[in-house]
Amino acid sequence: MFRKFPWYPLLVIMCAAAFLAAGYLLMRDYRALRYRGAFQYPHPFPHSFRQMYRAGERHLTRADVDALRGWMTFDYLNKGFVLPQEYLAAALAIRAHRYPNMTIGAFAKEKNIPAAQALRMVQDAVRTYLTARQSQ
Amino acid sequence: METILSSFFAFVLLYKYAGLFLIAFIAALALPIPASATLAAAGAFAAQGYFNIAAVVGVALAGNVLGDHIGYFFARRYGETTLSRMGFGRLLRNRSYRMLKGYILDVPQSLIYFTRFVTEVGPTVNVLAGLAAVPYTTFLFFDVFGEMSYVLLYALTGYFLGSQWENNAGFLASGVVVLLSLGGMIILIQTWVYRRHARHRTQKIIL
(Lines give C-alpha, C1' and ligand atoms only; values in the text may rest on other atoms or scores of the structure.)
Protein backbone atom coordinates (compact mmCIF):
# COMPACT_ATOMS: atom_id res chain seq x y z
CA MET A 1 0.00 0.00 0.00
CA PHE A 2 2.92 2.27 0.82
CA ARG A 3 4.50 1.62 -2.59
CA LYS A 4 1.26 2.16 -4.50
CA PHE A 5 0.52 5.49 -2.77
CA PRO A 6 0.98 8.32 -5.30
CA TRP A 7 3.79 10.06 -3.37
CA TYR A 8 5.20 12.01 -6.29
CA PRO A 9 2.01 13.81 -7.33
CA LEU A 10 1.23 14.57 -3.67
CA LEU A 11 4.68 16.02 -3.03
CA VAL A 12 4.51 18.07 -6.25
CA ILE A 13 1.10 19.43 -5.17
CA MET A 14 2.50 20.31 -1.72
CA CYS A 15 5.46 22.11 -3.30
CA ALA A 16 3.13 23.96 -5.66
CA ALA A 17 0.93 25.04 -2.71
CA ALA A 18 4.02 26.23 -0.77
CA PHE A 19 5.21 28.09 -3.89
CA LEU A 20 1.88 29.90 -4.32
CA ALA A 21 1.50 30.75 -0.62
CA ALA A 22 5.09 32.00 -0.26
CA GLY A 23 4.77 33.88 -3.56
CA TYR A 24 1.69 35.71 -2.31
CA LEU A 25 3.43 36.62 1.00
CA LEU A 26 6.54 37.72 -0.88
CA MET A 27 4.57 40.07 -3.18
CA ARG A 28 2.64 41.45 -0.22
CA ASP A 29 5.83 42.17 1.78
CA TYR A 30 7.57 43.58 -1.30
CA ARG A 31 4.70 46.02 -1.93
CA ALA A 32 4.72 47.12 1.73
CA LEU A 33 8.49 47.65 1.74
CA ARG A 34 8.40 49.45 -1.60
CA TYR A 35 5.68 51.75 -0.26
CA ARG A 36 8.01 52.60 2.62
CA GLY A 37 10.79 53.32 0.13
CA ALA A 38 13.00 50.36 1.02
CA PHE A 39 14.15 49.55 -2.51
CA GLN A 40 14.84 53.05 -3.76
CA TYR A 41 18.38 54.31 -4.10
CA PRO A 42 19.50 56.65 -2.66
CA HIS A 43 17.28 55.72 0.26
CA PRO A 44 14.62 58.38 0.85
CA PHE A 45 14.54 57.67 4.56
CA PRO A 46 17.55 57.35 6.82
CA HIS A 47 18.99 53.91 6.40
CA SER A 48 22.22 54.23 8.24
CA PHE A 49 23.82 56.21 10.98
CA ARG A 50 26.32 57.67 8.53
CA GLN A 51 23.58 58.80 6.18
CA MET A 52 21.82 60.63 8.99
CA TYR A 53 25.08 62.33 9.98
CA ARG A 54 25.74 63.41 6.41
CA ALA A 55 22.19 64.74 6.20
CA GLY A 56 23.03 67.06 9.08
CA GLU A 57 21.03 65.24 11.71
CA ARG A 58 23.55 65.09 14.53
CA HIS A 59 21.22 63.79 17.17
CA LEU A 60 20.34 60.12 16.82
CA THR A 61 17.12 58.88 18.31
CA ARG A 62 17.00 56.83 21.47
CA ALA A 63 15.88 53.85 19.34
CA ASP A 64 19.26 53.76 17.62
CA VAL A 65 21.18 53.71 20.90
CA ASP A 66 18.66 51.31 22.44
CA ALA A 67 19.33 48.93 19.54
CA LEU A 68 22.93 48.36 20.67
CA ARG A 69 23.76 44.75 21.48
CA GLY A 70 26.57 42.94 23.28
CA TRP A 71 27.93 41.40 20.08
CA MET A 72 28.66 44.81 18.53
CA THR A 73 32.26 45.98 18.49
CA PHE A 74 33.53 49.40 19.51
CA ASP A 75 34.95 49.86 16.00
CA TYR A 76 31.42 49.36 14.62
CA LEU A 77 29.97 51.84 17.12
CA ASN A 78 32.68 54.45 16.37
CA LYS A 79 31.98 54.28 12.64
CA GLY A 80 28.22 53.99 12.97
CA PHE A 81 27.79 56.91 15.37
CA VAL A 82 30.83 58.78 13.97
CA LEU A 83 32.52 58.94 17.38
CA PRO A 84 36.14 59.97 17.93
CA GLN A 85 38.28 56.83 17.96
CA GLU A 86 39.40 57.12 21.60
CA TYR A 87 36.21 58.61 23.07
CA LEU A 88 34.65 55.36 24.32
CA ALA A 89 38.04 54.05 25.51
CA ALA A 90 38.44 57.17 27.68
CA ALA A 91 34.80 57.31 28.82
CA LEU A 92 34.71 53.65 29.84
CA ALA A 93 38.34 53.34 30.99
CA ILE A 94 39.12 50.56 28.52
CA ARG A 95 42.76 49.47 28.77
CA ALA A 96 42.69 46.45 26.45
CA HIS A 97 45.10 46.66 23.50
CA ARG A 98 42.45 45.06 21.29
CA TYR A 99 40.31 48.22 21.45
CA PRO A 100 38.42 49.14 19.28
CA ASN A 101 38.39 45.62 17.86
CA MET A 102 36.55 44.12 20.81
CA THR A 103 32.89 43.48 21.54
CA ILE A 104 30.80 45.03 24.30
CA GLY A 105 30.56 41.51 25.72
CA ALA A 106 34.36 41.25 25.88
CA PHE A 107 34.40 44.66 27.62
CA ALA A 108 32.00 43.28 30.25
CA LYS A 109 34.29 40.27 30.84
CA GLU A 110 37.34 42.48 31.13
CA LYS A 111 35.64 44.68 33.72
CA ASN A 112 34.12 41.64 35.40
CA ILE A 113 30.64 43.16 35.34
CA PRO A 114 27.30 41.77 34.07
CA ALA A 115 26.75 42.11 30.31
CA ALA A 116 23.56 44.16 30.80
CA GLN A 117 25.44 46.68 32.97
CA ALA A 118 28.25 46.98 30.42
CA LEU A 119 25.70 47.59 27.68
CA ARG A 120 24.02 50.35 29.72
CA MET A 121 27.41 51.98 30.35
CA VAL A 122 28.17 52.01 26.61
CA GLN A 123 24.70 53.35 25.77
CA ASP A 124 25.05 56.13 28.37
CA ALA A 125 28.48 57.09 27.01
CA VAL A 126 27.16 57.22 23.42
CA ARG A 127 24.09 59.25 24.48
CA THR A 128 26.30 61.71 26.39
CA TYR A 129 28.44 62.30 23.31
CA LEU A 130 25.44 62.64 20.98
CA THR A 131 23.72 65.11 23.32
CA ALA A 132 26.91 67.20 23.61
CA ARG A 133 27.32 67.17 19.82
CA GLN A 134 23.72 68.24 19.30
CA SER A 135 24.04 71.16 21.64
CA GLN A 136 27.11 72.52 19.76
CA MET B 1 19.79 30.25 18.62
CA GLU B 2 20.10 34.01 19.19
CA THR B 3 23.35 33.48 21.13
CA ILE B 4 24.78 31.40 18.27
CA LEU B 5 23.80 34.04 15.72
CA SER B 6 25.22 36.81 17.93
CA SER B 7 28.55 34.98 18.00
CA PHE B 8 28.65 34.87 14.22
CA PHE B 9 27.77 38.56 13.92
CA ALA B 10 30.53 39.41 16.42
CA PHE B 11 32.95 37.22 14.43
CA VAL B 12 32.19 39.11 11.23
CA LEU B 13 32.56 42.50 12.95
CA LEU B 14 35.87 41.46 14.55
CA TYR B 15 37.48 39.78 11.53
CA LYS B 16 35.56 41.61 8.79
CA TYR B 17 35.96 40.19 5.26
CA ALA B 18 38.26 37.37 6.40
CA GLY B 19 35.64 36.29 8.92
CA LEU B 20 32.87 36.42 6.31
CA PHE B 21 34.98 34.36 3.89
CA LEU B 22 35.69 31.74 6.56
CA ILE B 23 32.02 31.38 7.54
CA ALA B 24 30.93 31.05 3.89
CA PHE B 25 33.74 28.56 3.20
CA ILE B 26 33.03 26.30 6.19
CA ALA B 27 29.26 26.32 5.53
CA ALA B 28 29.82 25.32 1.89
CA LEU B 29 32.39 22.68 2.78
CA ALA B 30 30.76 20.76 5.57
CA LEU B 31 29.14 22.40 8.59
CA PRO B 32 25.48 23.54 8.79
CA ILE B 33 26.22 26.96 10.35
CA PRO B 34 23.95 30.04 9.98
CA ALA B 35 25.85 31.46 7.02
CA SER B 36 22.68 32.87 5.40
CA ALA B 37 21.75 35.05 8.38
CA THR B 38 25.38 36.17 8.69
CA LEU B 39 25.43 37.13 5.02
CA ALA B 40 22.23 39.17 5.41
CA ALA B 41 23.75 40.88 8.45
CA ALA B 42 26.90 41.67 6.44
CA GLY B 43 24.67 43.25 3.80
CA ALA B 44 23.00 45.34 6.52
CA PHE B 45 26.44 46.38 7.86
CA ALA B 46 27.32 47.45 4.29
CA ALA B 47 24.16 49.58 4.14
CA GLN B 48 25.36 51.25 7.34
CA GLY B 49 28.71 52.06 5.75
CA TYR B 50 30.79 49.57 7.74
CA PHE B 51 31.44 47.26 4.74
CA ASN B 52 31.48 47.66 0.98
CA ILE B 53 28.56 45.70 -0.56
CA ALA B 54 30.53 44.66 -3.66
CA ALA B 55 33.30 43.30 -1.43
CA VAL B 56 30.73 41.46 0.72
CA VAL B 57 29.23 39.78 -2.36
CA GLY B 58 32.66 38.97 -3.82
CA VAL B 59 34.10 37.55 -0.60
CA ALA B 60 31.00 35.47 0.22
CA LEU B 61 30.86 34.13 -3.34
CA ALA B 62 34.56 33.19 -3.26
CA GLY B 63 34.18 31.38 0.08
CA ASN B 64 31.11 29.45 -1.05
CA VAL B 65 32.55 28.43 -4.43
CA LEU B 66 35.86 27.35 -2.88
CA GLY B 67 34.13 25.24 -0.23
CA ASP B 68 31.92 23.59 -2.86
CA HIS B 69 34.89 22.83 -5.10
CA ILE B 70 36.95 21.26 -2.34
CA GLY B 71 34.06 18.94 -1.45
CA TYR B 72 33.52 18.06 -5.11
CA PHE B 73 37.19 17.41 -5.96
CA PHE B 74 37.93 15.54 -2.76
CA ALA B 75 34.98 13.21 -3.37
CA ARG B 76 35.91 12.80 -7.02
CA ARG B 77 39.54 11.98 -6.28
CA TYR B 78 39.30 9.96 -3.07
CA GLY B 79 35.57 9.43 -2.52
CA GLU B 80 34.73 5.83 -3.34
CA THR B 81 38.19 4.47 -2.47
CA THR B 82 38.12 6.10 0.96
CA LEU B 83 34.53 5.05 1.63
CA SER B 84 35.35 1.42 0.73
CA ARG B 85 38.33 1.40 3.07
CA MET B 86 36.18 2.88 5.85
CA GLY B 87 33.80 -0.05 5.50
CA PHE B 88 31.07 1.56 3.39
CA GLY B 89 31.55 -0.84 0.47
CA ARG B 90 28.05 -2.21 0.96
CA LEU B 91 26.60 1.31 0.66
CA LEU B 92 28.44 1.82 -2.61
CA ARG B 93 26.95 -1.40 -4.02
CA ASN B 94 23.46 -0.50 -2.75
CA ARG B 95 20.78 -0.14 -5.45
CA SER B 96 19.46 3.17 -4.05
CA TYR B 97 22.92 4.69 -4.06
CA ARG B 98 23.52 3.60 -7.64
CA MET B 99 20.17 5.03 -8.72
CA LEU B 100 20.96 8.33 -6.95
CA LYS B 101 24.35 8.40 -8.62
CA GLY B 102 22.78 7.76 -12.00
CA TYR B 103 20.18 10.48 -11.36
CA ILE B 104 22.69 13.19 -10.53
CA LEU B 105 24.77 12.19 -13.53
CA ASP B 106 21.76 12.51 -15.86
CA VAL B 107 20.19 15.70 -14.46
CA PRO B 108 22.68 17.50 -12.22
CA GLN B 109 21.70 21.05 -13.18
CA SER B 110 18.63 21.70 -11.00
CA LEU B 111 19.95 19.66 -8.06
CA ILE B 112 23.22 21.59 -7.93
CA TYR B 113 21.58 24.98 -8.49
CA PHE B 114 18.74 24.75 -5.96
CA THR B 115 20.75 23.11 -3.19
CA ARG B 116 23.01 26.20 -3.10
CA PHE B 117 20.13 27.83 -1.17
CA VAL B 118 20.08 25.07 1.44
CA THR B 119 23.39 25.20 3.28
CA GLU B 120 22.53 21.97 5.17
CA VAL B 121 22.20 19.91 1.97
CA GLY B 122 24.66 21.66 -0.35
CA PRO B 123 27.82 19.92 0.96
CA THR B 124 26.18 16.49 0.52
CA VAL B 125 25.29 17.28 -3.10
CA ASN B 126 28.89 18.45 -3.73
CA VAL B 127 30.18 15.09 -2.49
CA LEU B 128 27.56 13.21 -4.50
CA ALA B 129 28.48 15.15 -7.64
CA GLY B 130 32.12 14.25 -7.05
CA LEU B 131 31.37 10.58 -6.44
CA ALA B 132 29.23 10.43 -9.58
CA ALA B 133 31.96 12.28 -11.56
CA VAL B 134 29.56 14.96 -12.83
CA PRO B 135 31.48 16.82 -15.59
CA TYR B 136 33.46 19.66 -14.04
CA THR B 137 32.18 22.32 -16.45
CA THR B 138 28.58 21.45 -15.55
CA PHE B 139 29.35 21.50 -11.83
CA LEU B 140 31.31 24.79 -12.15
CA PHE B 141 28.62 26.60 -14.10
CA PHE B 142 25.62 25.64 -11.96
CA ASP B 143 27.57 25.96 -8.73
CA VAL B 144 28.74 29.51 -9.52
CA PHE B 145 25.32 30.45 -10.94
CA GLY B 146 23.56 29.05 -7.86
CA GLU B 147 25.98 30.59 -5.36
CA MET B 148 25.77 33.96 -7.11
CA SER B 149 21.95 33.86 -6.85
CA TYR B 150 22.12 32.82 -3.19
CA VAL B 151 24.71 35.44 -2.20
CA LEU B 152 22.90 38.24 -4.06
CA LEU B 153 19.55 37.25 -2.51
CA TYR B 154 20.76 37.39 1.09
CA ALA B 155 23.36 40.16 0.83
CA LEU B 156 21.15 42.55 -1.12
CA THR B 157 18.15 41.86 1.10
CA GLY B 158 20.27 42.80 4.11
CA TYR B 159 21.65 45.79 2.21
CA PHE B 160 18.29 47.24 1.14
CA LEU B 161 16.55 46.53 4.40
CA GLY B 162 19.54 48.02 6.26
CA SER B 163 19.24 48.16 9.98
CA GLN B 164 15.67 46.83 9.70
CA TRP B 165 16.66 43.51 8.16
CA GLU B 166 15.95 41.52 11.29
CA ASN B 167 12.43 42.98 11.54
CA ASN B 168 11.75 42.09 7.91
CA ALA B 169 13.12 38.57 8.04
CA GLY B 170 9.70 37.36 6.87
CA PHE B 171 10.33 38.91 3.46
CA LEU B 172 13.57 36.99 3.13
CA ALA B 173 11.99 33.77 4.40
CA SER B 174 9.17 34.05 1.81
CA GLY B 175 11.73 34.50 -0.96
CA VAL B 176 13.65 31.43 0.14
CA VAL B 177 10.45 29.31 0.36
CA VAL B 178 9.48 30.41 -3.17
CA LEU B 179 12.85 29.29 -4.53
CA LEU B 180 12.99 26.06 -2.57
CA SER B 181 9.43 25.00 -3.44
CA LEU B 182 10.12 25.74 -7.11
CA GLY B 183 13.31 23.72 -6.88
CA GLY B 184 11.49 20.91 -5.09
CA MET B 185 8.86 20.72 -7.86
CA ILE B 186 11.48 20.67 -10.60
CA ILE B 187 13.57 18.01 -8.86
CA LEU B 188 10.53 15.83 -8.07
CA ILE B 189 9.30 15.96 -11.67
CA GLN B 190 12.79 15.21 -12.97
CA THR B 191 13.15 12.30 -10.53
CA TRP B 192 9.81 10.87 -11.62
CA VAL B 193 10.76 11.16 -15.30
CA TYR B 194 14.21 9.67 -14.60
CA ARG B 195 12.76 6.68 -12.73
CA ARG B 196 10.30 5.99 -15.57
CA HIS B 197 13.11 6.06 -18.13
CA ALA B 198 15.25 3.83 -15.91
CA ARG B 199 12.37 1.31 -15.64
CA HIS B 200 11.85 1.35 -19.42
CA ARG B 201 15.56 0.83 -20.02
CA THR B 202 15.56 -2.14 -17.61
CA GLN B 203 12.49 -3.64 -19.30
CA LYS B 204 14.10 -3.25 -22.75
CA ILE B 205 17.26 -5.01 -21.55
CA ILE B 206 15.19 -7.91 -20.13
CA LEU B 207 13.24 -8.26 -23.40
Side-chain angles (χ1 to χ4, degrees), chain A residues 6-30 32-34 36-41 43 45-54 63-64 67 69-82 98 100-106, chain B residues 2-16 19 38 41 44-51 53 114 153 156-196:
Chain A
W7 287 108
Y8 276 102
L10 182 65
L11 288 170
V12 170
I13 290 167
M14 284 167 64
C15 283
F19 176 77
L20 291 170
Y24 165 74
L25 291 171
L26 185 70
M27 287 314 299
R28 190 193 64 177
D29 289 342
Y30 174 74
L33 285 168
R34 201 175 154 185
R36 281 159 47 197
F39 296 106
Q40 293 176 35
Y41 187 83
H43 305 294
F45 62 90
H47 226 66
S48 69
F49 306 130
R50 186 159 292 183
Q51 193 176 13
M52 289 177 70
Y53 183 78
R54 276 200 235 111
D64 297 310
R69 294 288 180 268
W71 52 263
M72 294 179 181
T73 61
F74 288 99
D75 185 48
Y76 175 69
L77 297 183
N78 289 341
K79 286 180 177 149
F81 287 95
V82 199
R98 294 179 285 165
N101 224 26
M102 63 187 289
T103 63
I104 297 174
Chain B
E2 206 177 290
T3 312
I4 297 170
L5 269 178
S6 304
S7 306
F8 282 93
F9 297 162
F11 188 79
V12 168
L13 287 177
L14 284 168
Y15 300 104
K16 302 178 178 60
T38 309
F45 296 149
Q48 293 165 349
Y50 194 70
F51 288 143
I53 186 61
F114 285 108
L153 172 69
L156 292 184
T157 299
Y159 182 75
F160 283 110
L161 295 177
S163 56
Q164 298 300 311
W165 77 274
E166 273 183 293
N167 297 336
N168 292 287
F171 173 77
L172 188 60
S174 300
V176 172
V177 172
V178 163
L179 280 165
L180 289 180
S181 54
L182 182 64
M185 277 192 293
I186 292 172
I187 290 167
L188 281 168
I189 293 168
Q190 279 181 329
T191 310
W192 181 72
V193 170
Y194 173 76
R195 283 169 71 115
R196 280 194 68 175

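Side-chain atoms are counted along with the backbone in the values below, which use heavy atoms only and exclude waters and symmetry mates.
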Peer 1: When rounded to the nearest 0.5 angstrom, what is the spacing between OG1 in A:Thr103 and CG in B:Leu14?
Peer 2: 6.0 Å
Peer 1: Atom CZ in B:Phe45, atom CE in A:Met72: separation rounded to 0.5 Å?
Peer 2: 7.0 Å
Peer 1: Between A:Met102 and chain B, with a heavy-atom cut-off of 4.5 Å, which part of the residue counts as in contact: side chain, backbone, both or neither?
Peer 2: backbone
Peer 1: Do you know which two heavy atoms are closest between B:Val178 and A:Phe19, and how far apart they sit?
Peer 2: O-CD1, 3.4 Å
Peer 1: Please identify each residue that fulfils side-chain contact (heavy atoms from CB on, under 4.5 Å) with B:Leu188, with sequence neighbours left out.
Peer 2: A:Tyr8, A:Leu11, A:Val12, A:Cys15
Peer 1: Can you name the nearest heavy-atom pair linking B:Val177 to A:Ala18, along with the distance?
Peer 2: CG1-O, 4.1 Å
Peer 1: If you measure from OG1 on A:Thr73 to CZ on B:Phe9, what distance do you get to the nearest 0.5 Å?
Peer 2: 13.5 Å
